[in-house]
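Report on the following structure.
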Amino acid sequence: MGKRVAVVLAGCGVYDGSEIHESSAVLVHLSREGAQAEVYAPNVDQMHVVDHVKGQPTQEKRNMLVESARIARGNIKDLAQLDVKGLDALIIPGGFGVAKNLSTWATQGKNCVVSKEVEDVLKAFHAAKKPIGLCCISPVLAAKIFPGCELTVGHDTECEKWPYAKTAETMKELGCKHVNKHVTEIHVDAKNKLVTTSAFMCNAPIHEIYDGIGKMVKEVVRLA
């Protein structure tokens with residue numbers, strides 16, 4: 001029987017939900033590892049909806065569960081139904097939805113609040129000593145909830161390749177250890193069973209992002 005891995009999504013689309021390529025890569029790599037993905041999302045409205053052509057917010061309202069169902073091909077559950085007992089690991093892909101919908105990082109940075117539902121799920125897996133995989137911006141959730149943990153969001157020096165490197169500095173201010181890693185690499189915090197990789201925090205070719213996520217997924221499944 002393959003490992004059962006919860007994948008938590010935050011909508012559909014990089015600017016207001018889960019990053020679609022990252023989410024898809026997680027699902028493909030889980031399948032390759034013989035693991036069974038169980039997809040969840042909060043049954044809550046997104047912070048806002050962004051027109052992905054213009055990059056501007058619109059007046060629409062969209063629900064995270066309904067939008068995430070697009071990625072999950074309809075095979076999705078309300079995050080409120082997640083029971084850590086029947087699951088072996090947790091993975092949360094990135095995308096601005098993590099910083100806007102699963103937390104208030106986008107507007108408040110290190111002073112953010114993580115949604116109670118998401119915080120409870122992360123703490124439940126952590127308490128059960130089950131591995132947690134995080135990529136792109138989603139390591140900020142662990143930075144906020146697990147002080148002193150070790151993470152990577154790529155590099156901590158901003159440049160054309162690493163446009164979001166200030167995130168690493170903010171995570172350090174929360175008392176975390178940030179470890180610089182290339183986009184195809186992962187960092188494993190063995191004590192906290194956290195596996196992180198930078199994904200689209202890096203301005204890199206999509207296949208390198210895909211490969212880094214593959215290493216993260218492989219390690220999460222191994223630790224499970």
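The residues of the chain are indexed from 1 along the displayed sequence.
- When the side chains of ILVMFWY residues are joined at heavy-atom separations under 4.5 Å, either directly or via intervening members, Val183 and Ile20 end up in a single hydrophobic cluster.
- Taking 4.0 Å as the cut-off between side-chain N and carboxylate O, Asp156 and Lys166 do not count as a salt-bridged pair.
- Applying the side chain to side chain contact (heavy atoms under 4.5 Å, CB included) rule to Phe96 yields the partners Val14, Tyr15, Lys100; only residues at least two apart in sequence or on another chain are considered.
- Scanning for ring-ring contact (aromatic ring centres under 6.0 Å, His included) contacts around His187 gives an empty result, with sequence neighbours left out.
- In terms of the salt bridge (Lys or Arg N to Asp or Glu O under 4.0 Å) criterion, residue partners of Arg222 (sequence neighbours excluded) are, by chain and number, Glu219.
- Residue Cys135 forms a side-chain contact (heavy atoms from CB on, under 4.5 Å) with just one option from Val217, Thr196, Thr197, and that option is Thr197.
- A donor-acceptor pair under 3.5 Å links the side-chain atoms of Ser18 to the main chain of Ala10, judged by distance alone.
- For Lys218, the NZ atom sits in a loose shell: 12 or fewer heavy atoms of surrounding residues, nucleotides or ligands are nearer than 6.0 Å.
- Side-chain atoms of Leu30 and Val7, non-hydrogen and from C-beta on, do get closer than 4.5 Å to each other.
- Looking at Pro163 and Glu158, their side chains never come closer than 4.5 Å, going by heavy atoms from C-beta outward.
- Taking each heavy atom of Ile137 and Gly95 in turn, the nearest pair found is CG2-O, 3.3 Å.
- Residue Met216 holds its CE atom at 9.0 Å from CD1 of Ile186, rounded to the nearest 0.5 Å.
- Within 6.0 Å of atom CZ in Arg4, more than 12 heavy atoms from other residues, nucleotides or ligands are found, so the atom counts as buried in its surroundings.
- To the nearest 0.5 Å, atoms OH (Tyr40) and CG (Asp78) are separated by 10.0 Å.
- Under a 3.5 Å cut-off, the side chain of Asn63 and the backbone N or O of Val66 do form a donor-acceptor pair.
- Here the side chains of Met64 and Asn43 are not in contact, with every heavy-atom distance at 4.5 Å or above.
- No side-chain heavy atom of His48 sits less than 4.5 Å from a side-chain heavy atom of Gln46.
- Here CH2 of Trp162 is found 11.0 Å from OG1 of Thr157. Values are rounded to the nearest 0.5 Å.
- For the atom pair Lys3 NZ and Glu33 CD, the distance stands at 12.0 Å (nearest 0.5 Å).
- Taking 4.0 Å as the cut-off between side-chain N and carboxylate O, Lys215 and Glu185 do not count as a salt-bridged pair.
- If you chain together hydrophobic residues whose side chains sit under 4.5 Å apart, Leu134 and Leu174 fall into the same group.
- At least one side-chain heavy atom of Val153 sits under 4.5 Å from a side-chain heavy atom of Met171.
- For the pair Gly11 and Ile71, the tightest heavy-atom approach, listed with the atom from each and the gap, is O-CD1, 3.7 Å.
- When the side chains of ILVMFWY residues are joined at heavy-atom separations under 4.5 Å, either directly or via intervening members, Ile145 and Trp105 end up in a single hydrophobic cluster.
- Rounding to the nearest 0.5 angstrom, the gap separating the NZ atom in Lys181 from the OG atom in Ser198 is 11.0 Å.
- Nearest heavy atoms, Gly94 versus Glu22: N-OE1, 2.8 Å.
- With a 4.5 Å cut-off between side-chain heavy atoms of Ile, Leu, Val, Met, Phe, Trp and Tyr, the cluster of Val28 takes in Tyr210.
- Ile209 approaches Ala204 most closely through the heavy-atom pair CD1-O, 3.6 Å.
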Mind listing the side-chain donor-acceptor pairs of residues 120-133 below 3.5 Å, one per line with the distance, residues two or more places apart or on another chain?
{"residue": "Asp120", "atom": "OD1", "partner": "Lys116", "partner atom": "NZ", "Å": "3.4"}
{"residue": "Asp120", "atom": "OD2", "partner": "Lys116", "partner atom": "NZ", "Å": "2.6"}
{"residue": "Lys123", "atom": "NZ", "partner": "Glu119", "partner atom": "OE2", "Å": "2.8"}
{"residue": "His126", "atom": "NE2", "partner": "Asn192", "partner atom": "OD1", "Å": "2.8"}
{"residue": "Lys130", "atom": "NZ", "partner": "Val84", "partner atom": "O", "Å": "2.8"}
{"residue": "Lys130", "atom": "NZ", "partner": "Leu87", "partner atom": "O", "Å": "2.6"}

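- Among all heavy-atom pairs drawn from Val98 and Ser103, the shortest one is O-OG, 2.9 Å.
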Evaluate side chain to side chain contact (heavy atoms under 4.5 Å, CB included) for Cys136 paired with Glu19, printing each intermediate quantity in order. CA-CA 9 Å; Cys136 194; Glu19 211 295 320; 5.8 Å; no

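- In terms of the salt bridge (Lys or Arg N to Asp or Glu O under 4.0 Å) criterion, residue partners of Lys110 (sequence neighbours excluded) are, by chain and number, Glu173.
- Using a distance-only test at 3.5 Å, with no hydrogens or angles considered, a donor-acceptor pair links the side chain of Thr104 to the main chain of Val113.
- Around CG of Asp83, the count of heavy atoms belonging to other residues, nucleotides or ligands within 6.0 Å exceeds 12.
- A chain of hydrophobic side-chain contacts below 4.5 Å, direct or via other Ile, Leu, Val, Met, Phe, Trp or Tyr residues, connects Val39 to Val220.
- In terms of modelled atom types and a separation under 3.5 Å, the side chain of His178 and the main chain of Cys176 share no donor-acceptor contact.
- Taking every heavy atom of both residues into account, Lys77 and Leu65 meet most closely at O-CD1, 3.6 Å.
- Contact of the Asp189 side chain with the Leu151 side chain is not registered, since no non-hydrogen atoms from C-beta on lie closer than 4.5 Å.
- Atoms CD1 and CG, from Ile92 and Leu102 in turn, are 6.5 Å apart once rounded to the nearest 0.5 Å.
- Linking ILVMFWY residues whenever their side-chain heavy atoms come closer than 4.5 Å, directly or via other members, places Leu9 and Ile91 in the same cluster.
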